[in-house]
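See below for the structure under consideration.
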Number of protein chains: 2
Amino acid sequence: MESGYVTLEQVAEHAGVSLATASRVINGSTRQVSQRLRDKVTASARELGYLANASAQTLARNSSSLVGLLVHDISDPYFSSIAAGVTRHTEEQGLVLVLGTTGRSAQQEGRILATLRAHRARAVVLVGSRSTDEESNRRLSEEIRMFRRQGGQVACVSQEGLPADTVTPDNHTGAAELARRLIAQGHREFAILAGPTDLQTARERLDGFHSALSGAGLELAHHNVVHGAFTRDGGYESTRRLMAVGTDATCLFAVNDVMATGAMAALRDLGLRVPADLSVAGFDDIPTLRDLTPALTTVRLPLEEMGERAAMLALDGEPEDRPRVITVRGEVVERESTAPPTR
Amino acid sequence: MESGYVTLEQVAEHAGVSLATASRVINGSTRQVSQRLRDKVTASARELGYLANASAQTLARNSSSLVGLLVHDISDPYFSSIAAGVTRHTEEQGLVLVLGTTGRSAQQEGRILATLRAHRARAVVLVGSRSTDEESNRRLSEEIRMFRRQGGQVACVSQEGLPADTVTPDNHTGAAELARRLIAQGHREFAILAGPTDLQTARERLDGFHSALSGAGLELAHHNVVHGAFTRDGGYESTRRLMAVGTDATCLFAVNDVMATGAMAALRDLGLRVPADLSVAGFDDIPTLRDLTPALTTVRLPLEEMGERAAMLALDGEPEDRPRVITVRGEVVERESTAPPTR
DNA sequence: GGCCCACGGGAAAACTCTTTCCTAGCCTAG
DNA sequence: CTAGGCTAGGAAAGAGTTTTCCCGTGGGCC
């Protein structure tokens with residue numbers, strides 16, 4: 001209790017048993033220990049305030065209780081919602097969650113993955129949409145394979161195509177369904193804040209939306225698709241650019257909610273009313289953003305649940321060779337930010 | 001590269017040097033190693049794909065690169081903003097962040113702290129307002145002292161009074177200043193969503209607001225102070241309760257932004273306009289909530305910076321005996337959610 | 001030329017556990 | 001009554017690093 005650590009050896013000595021016996025009592029191995037010694041050891045451990053050295057255990061067992069979680073930016077509510085799901089599951093299992101934030105840098109992602117490997121992390125959950133850049137995907141795949149070779153499990157959220165289990169939203173279908181609902185509202189001309197060109201998720205949502213328009217015989221004018229950062233400020237800035245050149249659209253689809261938030265702010269700053277002057281729709285249904293006014297029409301994803309299921313894939317299942325993929329359907333939620341066009 | 005791990009011993013053998021030399025080259029100890037051997041070792045390490053076993057290092061050095069971060073709920077934007085600041089600093093330092101979420105349970109908090117101790121974490125940052133419950137504060141203080149005895153540093157955000165360095169907002173002054181500004185706007189009757197009764201932060205903000213009212217010769221009617229959970233839903237529910245009995249207030253102060261968000265939603269559901277029928281003010285200035293309409297009058301806290309500075313306190317400073325306290329002033333930001341009263 | 005010291009290298013101990021292997025004792029079956 | 005098997009306990013061998021301690025060489029100084 002005084003200072004520093006108390007080791008298992010001290011506990012064993014204090015209890016008058018061997019190191020082996022003390023270890024068996026305290027971690028509960030397969031081997032039996034008589035009740036008499038068992039009591040002595042637990043009493044000594046309690047008295048001395050023993051706390052096992054996790055590093056030593058990891059080294060001896062060659063398996064740790066660390067689980068990694070990689071996100072781009074933890075202050076983004078999309079990621080923090082998913083993170084909440086992951087933490088819930090890992091904490092239930094008594095595991096320790098390591099949070100890595102990549103800031104959208106593949107290099108940083110690689111560094112963190114290596115660190116987790118160095119710690120013999122049991123599993124890692126990768127969140128965040130994959131780039132379509134072949135080279136960085138190849139490198140990430142290689143990192144993942146190394147991780148798995150060393151006995152770790154990997155699960156991804158929102159990034160199919162990697163050699164790992166995946167929980168992914170059906171972006172294409174969700175966006176298409178949203179488009180159909182907006183068309184049903186009477187919209188014919190759309191503008192899209194399409195996010196970065198090289199982002200898988202953004203592209204799928206754009207494609208889904210686009211294909212539903214085509215299915216309804218509608219065109220999507222080239223000048224009505226504007227690319228930009230996948231963030232609130234990206235949405236703001238993209239909208240400013242869109243409106244600067246002018247648009248004939250009656251409805252603006254931002255490929256995620258945080259961009260839609262930026263869009264609404266930009267429109268407000270331009271003196272335009274939503275939905276009277278322009279309808280706005282998003283994607284994700286971020287809980288924190290549900291209190292925006294007008295409330296955002298969007299595609300609801302069960303973000304926390306997705307995080308939880310990814311953690312389950314990584315931790316509960318038997319390591320399989322073929323990646324398992326869980327697809328979750330988004331559900332369109334119509335709220336006040338979209339309304340039938342007035343012109 | 002094939003499978004499993006490659007150890008330092010293998011690297012040493014491959015390079016034709018001793019284990020000691022290999023270790024010195026790779027971690028860069030104080031001891032010099034000749035350029036010739038240095039090159040051989042680094043070449044071998046690269047060729048074999050060597051990655052140090054972090055547990056073994058921790059064990060041998062008796063000091064790890066883990067840093068803990070404890071929050072109540074990572075999906076709450078207040079915590080995720082602070083977390084972003086903490087991650088920024090830890091990642092800069094090449095450290096590994098362990099995220100623990102307590103769900104506001106002191107017991108869970110103790111468990112996580114013990115786990116971090118078991119991992120010989122170098123430091124831990126505790127975020128989240130302290131309860132005023134003596135017993136749980138005493139237990140937490142004891143945990144902190146154990147942590148520090150084992151060579152770990154502890155820093156807190158928003159919970160002064162513990163035996164650890166602290167970054168804390170000046171809640172009292174901020175709330176008082178806010179009150180004065182609202183009085184200057186013409187408000188005379190206030191209602192307060194005061195949060196939980198046993199939460200230090202909530203209490204300080206209530207007190208500060210209250211004392212400014214007293215200073216201006218204003219009374220705060222008892223029925224205009226309503227307690228409830230420190231969350232968005234708590235704010236919603238508290239507002240419903242307040243309005244159910246009716247209030248003569250022209251301005252509603254919620255002791256944090258997420259509660260104010262719930263309040264605005266409740267008022268909207270009741271058909272009341274903000275600020276025309278009732279002004280609303282919050283506290284924190286959560287970035288994600290800046291896009292609410294009407295934009296929230298609030299007290300801005302530099303949340304991310306607070307997280308970063310807490311991490312700095314925990315990591316950079318020399319462990320001192322007397323806790324250092326950094327107080328950050330909040331700045332009142334007047335936006336559209338408050339306006340001069342119409343009656 | 002001898003002495004001392006600095007320097008670079010390696011052997012081995014240390015770090016704290018887990019787990020294998022060995023042994024003594026007891027029980028049972030033949 | 002003894003061989004064989006089972007049980008509970010302990011000694012010791014790891015696990016992969018870091019670090020201490022020791023040794024040989026070479027250089028500087030008188």
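Here is how names work: the chains are called A, B, and so on, in the same order as the sequence lines, proteins then strands, and each is numbered from 1.
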List the protein contact pattern of nucleotides 11-21 of chain C with one symbol per nucleotide (5' to 3'): B for base contact, S for sugar-phosphate-only contact, - for none; contact means a heavy-atom distance under 4.0 Å. B---BBBBBBB

Could you tell me how far apart Gln35(B) (CD) and dG8(C) (C1') are, to the nearest whole angstrom? 14 Å

One thing to verify: whether [Y] and [X] come together as a salt bridge, which I'm taking to mean a side-chain N less than 4.0 angstrom from a carboxylate O.
X	Y	value
Arg138(A)	Glu134(A)	no
Arg139(B)	Glu142(B)	no
Glu92(B)	Arg88(B)	no

Which of Leu97(A), Ile82(A), Leu95(A) passes side-chain contact (heavy atoms from CB on, under 4.5 Å) with Thr87(A)? Answer is Leu97(A)

Between Thr21(A) and Ser18(A), does a side-chain hydrogen bond (donor to acceptor under 3.5 Å, both in side chains) hold up when you go through it step by step? CA-CA 5 Å; Thr21(A) 301; Ser18(A) 76; 3.1 Å; yes

Here the pair of heavy atoms bringing Met306(A) nearest to Pro169(A) is CE-CD, 3.8 Å

Using five pairs at either end of the helix from dG1(C)-dC30(D) to dG30(C)-dC1(D), determine the angle between the two local helix axes and round it to 10 degrees.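 Helix axis angle between the two ends: 40°.
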
Check whether any side-chain N or O of Ser34(B) sits under 4.0 Å from OP1 or OP2 of dG9(C), and answer yes or no.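 Looking at the OP1 and OP2 atoms of dG9(C), one of them is under 4.0 Å from a side-chain N or O of Ser34(B).
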
Axial cation check for Tyr5(B) ring with Arg120(A), 6.0 Å and 45° limits: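 Relative to the ring axis of Tyr5(B), which defines the angle, Arg120(A) lies inside both limits.
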
Check the surroundings of atom CD in Glu13(B): do more than 12 heavy atoms from other residues, nucleotides or ligands lie under 6.0 Å from it? no

